[in-house]
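Reminder, nothing fancy here: chain letters follow the sequence lines and each chain counts from 1.
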There are 2 protein chains.
Amino acid sequence: MNILEKIANELDTFSKSERKVAEVILASPNTVIHASIAALAKQANISEPTVNRFCRRLDTKGYPDFKLHLAQSLANGTPYVNRHVDEDDTADEYTAKIFESTMASLELARKSLNTTTVNRSVDLLTQANKISFFGLGASAVVAHDAQNKFFRFNVPVVYFDDVLMQRMSAINSQQGDVVIVISHTGRTKSLVEVAALAKENDATVIGITNEGSPLAKECNIVLSVDVAEDTDLYMPMSSRIAQLALIDILATGFTLRRGSKFRDNLKKVKDSLRSSRFERKE
Amino acid sequence: MNILEKIANELDTFSKSERKVAEVILASPNTVIHASIAALAKQANISEPTVNRFCRRLDTKGYPDFKLHLAQSLANGTPYVNRHVDEDDTADEYTAKIFESTMASLELARKSLNTTTVNRSVDLLTQANKISFFGLGASAVVAHDAQNKFFRFNVPVVYFDDVLMQRMSAINSQQGDVVIVISHTGRTKSLVEVAALAKENDATVIGITNEGSPLAKECNIVLSVDVAEDTDLYMPMSSRIAQLALIDILATGFTLRRGSKFRDNLKKVKDSLRSSRFERKE
DNA sequence: ACGTTAAATGTAGTTTAGTTACAGTACGTA
DNA sequence: TACGTACTGTAACTAAACTACATTTAACGT
């Protein structure tokens with residue numbers, strides 16, 4: 001574990017003097033890695049051996065070794081944190097925050113995603129007679145994107161962001177069809193109903209949603225991605241990015257499963273677009 | 001710069017003995033960071049001062065400082081790299097690669113995005129009488145998402161992913177309207193024409209596209225995000241994620257500019273969705 | 001409240017590691 | 001071949017880190 005986090009975590013298990021050291025370190029770790037044990041002791045108003053004992057308590061061999069660990073923690077740069085946008089942030093600030101939060105979410109999503117489930121989903125998708133993507137609101141965007149990707153595979157694929165169309169489509173589904181229902185919360189009533197309908201009609205229902213949600217209960221497979229709390233109170237942000245990454249993953253798994261011959265097909269689709277574009281000048 | 005790379009780069013500028021040290025370090029940097037200067041000297045079959053001189057040549061204060069830098073290089077662990085998916089990757093592998101590539105792209109996008117331009121775009125958006133988002137293919141998804149976000153702001157906003165609708169809408173645009181045209185390559189003919197049409201009709205055209213592309217030339221403002229080469233040869237992946245992050249940024253800037261009273265409005269929109277959802281059980 | 005004991009902290013001395021100054025060696029050039 | 005420069009090593013020195021022990025502080029029981 002990152003030694004800086006460790007210090008922060010164990011702050012209350014430290015003795016009085018040790019806490020002094022800890023606080024100095026946490027306040028400006030970048031200075032500390034260039035300071036001698038004497039300098040650090042002085043700054044924390046404690047003796048050198050106390051610093052040394054502090055280092056040992058953190059499972060390092062001594063002060064130099066501790067500095068090494070500290071340097072490594074810093075290099076990791078407290079990677080990406082979900083930081084909330086502030087009322088008086090400048091364009092510079094909120095831009096940075098949104099990028100960071102997005103990345104923090106992806107990091108989290110990566111960790112939480114179950115690749116065995118991914119694999120099973122890809123299995124099902126490759127065998128499907130027809131693939132449908134359903135979503136509403138922000139999740140409709142994800143469904144839209146999924147259609148876009150799977151359409152290139154030359155498989156029957158549809159996407160609906162309209163409640164009625166979703167219902168009709170679900171009712172008409174049958175065995176061999178795969179229905180992917182997308183909802184971050186998994187609590188949108190009409191989508192839960194659509195999932196149930198599709199299941200009743202023997203379609204395989206894959207949910208891209210929260211584990212344990214009402215929607216999840218109606219699904220044969222649940223692909224859940226944990227996501228950092230949304231940066232903006234009122235708009236879904238990170239959740240849909242993680243979902244899109246998941247779509248990429250499914251699409252990639254799909255092409256890999258289909259083998260290299262299949263990929264020639266993709267090339268054809270791409271080439272077909274060429275005439276609609278301006279040539280790139282060298 | 002990463003000190004390990006630096007050593008590798010400058011290998012041929014080193015003297016004979018220095019190269020010996022360099023090679024030992026490159027061979028097993030992880031051992032070196034825990035070794036004393038004496039141990040390292042012995043392993044490289046050279047004297048201690050030579051190691052010291054080696055450290056100085058690399059712009060460090062001495063051996064301990066050098067070890068610090070080395071430790072940081074190692075911790076950095078080549079953060080996020082754009083890694084291409086391989087024919088025989090397992091689900092585990094391609095999942096990891098896609099997440100990593102996506103994050104690498106966001107990292108790149110963050111660096112390349114000009115926040116002054118973002119700020120100007122937000123300015124224009126807040127003053128717009130009507131906002132239109134146009135995109136095709138993968139970029140249609142981004143436009144779709146943008147509509148979703150800006151719709152909550154209770155401003156007139158439309159999105160079209162149909163060429164004819166885009167043309168009609170562009171022709172009907174007028175001064176005070178803002179048209180946002182989205183295209184990764186910026187070379188899609190019909191979109192370039194739409195941008196030109198909108199501009200002729202005195203709308204302000206903002207392009208989310210490649211700087212220097214045909215589309216960029218037709219725009220009043222260009223929001224360009226550099227993006228790592230796409231992981232998949234035949235499908236856009238990272239580009240649209242970066243574009244979506246940009247939409248988040250614009251939307252966030254928009255709400256911030258409109259002030260806190262405006263945000264109550266967003267709450268209302270969100271609350272209005274409540275009845276369509278299952279209650280969360282505690 | 002007082003004394004006892006254990007834990008925590010500091011002081012001083014020791015050891016180890018790192019650095020500097022200088023001397024010797026190797027190599028290239030005139 | 002002789003000279004000079006750049007490189008490398010030896011030995012002395014300095015500074016940093018650590019250990020052992022003394023002192024203080026805090027906690028607990030009487």
Side-chain angles (χ1 to χ4, degrees), chain A residues 3 6-74, chain B residues 3-4 6-7 9-74:
Chain A
I3 202 157
K6 197 171 174 183
I7 295 174
N9 278 339
E10 299 183 14
L11 247 188
D12 21 307
T13 73
F14 292 146
S15 73
K16 204 164 51 180
S17 305
E18 282 171 339
R19 191 163 320 154
K20 281 189 204 170
V21 198
E23 274 158 16
V24 171
I25 294 169
L26 290 175
S28 55
N30 273 303
T31 338
V32 174
I33 56 169
H34 295 114
S36 70
I37 194 169
L40 177 55
K42 196 175 167 193
Q43 212 189 332
N45 271 312
I46 44 102
S47 72
E48 300 183 22
T50 303
V51 175
N52 199 289
R53 282 187 280 262
F54 172 83
C55 298
R56 297 247 164 88
R57 170 153 311 194
L58 280 114
D59 301 312
T60 62
K61 288 185 184 169
Y63 184 67
D65 188 41
F66 169 78
K67 285 210 292 187
L68 236 55
H69 282 267
L70 190 59
Q72 294 198 312
S73 309
L74 290 176
Chain B
I3 203 156
L4 259 178
K6 198 171 172 182
I7 295 174
N9 278 340
E10 300 182 15
L11 247 188
D12 21 305
T13 73
F14 292 145
S15 73
K16 203 164 50 181
S17 306
E18 282 171 339
R19 192 162 319 153
K20 282 190 203 169
V21 199
E23 274 157 15
V24 171
I25 294 169
L26 291 174
S28 56
N30 273 302
T31 341
V32 173
I33 56 170
H34 295 112
S36 70
I37 193 168
L40 177 57
K42 196 176 168 193
Q43 211 189 331
N45 272 312
I46 44 100
S47 71
E48 302 183 20
T50 302
V51 176
N52 198 284
R53 283 187 279 261
F54 172 83
C55 299
R56 295 249 164 88
R57 170 153 312 193
L58 281 110
D59 301 311
T60 60
K61 288 183 184 170
Y63 184 66
D65 189 40
F66 169 78
K67 284 211 292 188
L68 237 54
H69 281 267
L70 190 58
Q72 293 198 312
S73 307
L74 291 176

C:dT11 OP1/OP2 closer than 4.0 Å to side-chain N/O of A:Ser47
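Answer no for this pair, as no side-chain N or O of A:Ser47 is under 4.0 Å from OP1 or OP2.
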Quick one: is D:dT8 close enough that its OP1 or OP2 comes under 4.0 Å of any side-chain N or O from B:Ser17?
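It does, given that an N or O in the side chain of B:Ser17 lies less than 4.0 Å from OP1 or OP2 of D:dT8.
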Look up atom CD1 in A:Ile46 and atom CZ in A:Arg53, then write down how far apart they are to the nearest 0.5 Å.
9.0 Å
Report the nucleotide, chosen from D:dA17, D:dT10, C:dG18, that has the shortest atom-to-atom distance to any side-chain atom of B:Pro64.
C:dG18
Could you please name the option among C:dT11, C:dG10, D:dT8 that lies closest to any side-chain atom of A:Pro49?
C:dT11
Please report, rounded to the nearest Å, how far the [atom2] atom of [N] is from the [atom1] atom of [X].
| X | N | atom1 | atom2 | answer |
| --- | --- | --- | --- | --- |
| A:Asn45 | C:dT9 | CG | C1' | 13 Å |
| A:Glu18 | D:dT25 | CD | P | 17 Å |
| B:Glu48 | D:dC7 | CD | P | 21 Å |
| B:Tyr63 | C:dT20 | OH | C1' | 18 Å |
| B:Ile46 | C:dG24 | CD1 | P | 21 Å |
| A:Lys67 | C:dG18 | NZ | P | 11 Å |
| B:Lys20 | D:dC7 | NZ | P | 15 Å |
| B:Asp65 | D:dA15 | CG | C1' | 16 Å |

Within the distance-only criterion (no hydrogens, no angle test), does the side chain of [X] pair as donor or acceptor with the backbone N or O of [Y] below 3.5 angstrom?
| X | Y | answer |
| --- | --- | --- |
| B:Gln72 | A:Ala71 | yes |
| A:Glu18 | A:Ser15 | yes |
| A:Lys61 | A:Cys55 | no |

Residues A:Asp59, A:His69; criterion side-chain contact (heavy atoms from CB on, under 4.5 Å); working and verdict
CA-CA 10 Å; A:Asp59 301 312; A:His69 282 267; over 6 Å; no
For [X] versus [Y], what's the shortest heavy-atom pair and its separation?
| X | Y | value |
| --- | --- | --- |
| A:Ile7 | A:Leu58 | CG1-CD2, 3.5 Å |
| B:Ile25 | B:Phe66 | CD1-CZ, 3.6 Å |
| A:Ser17 | A:Thr50 | CB-CG2, 3.8 Å |
| B:Glu48 | B:Ala38 | OE2-CB, 3.4 Å |
| B:Tyr63 | B:Val32 | OH-O, 3.7 Å |

Tell me the stems DNA chain C sits in, counting at least three consecutive Watson-Crick or G-U wobble pairs, each under 3.5 Å on both distances.
C:1-30 with D:1-30
What residues from residues 50-61 of chain B pass a heavy-atom cutoff of under 4.0 Å to DNA chain C?
B:Asn52, B:Arg56
For DNA chain C, the residues among residues 33-40 of chain B that have a non-hydrogen atom under 4.0 Å from it:
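Here the set is B:Ser36, B:Ile37.
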Any side-chain heavy-atom pair from A:Thr60 and A:Ile3 closer than 4.5 angstrom?
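Yes, side chains in contact.
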Is B:Leu68 close to A:His34 at the side-chain level, that is, under 4.5 Å between some pair of heavy atoms?
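In contact.
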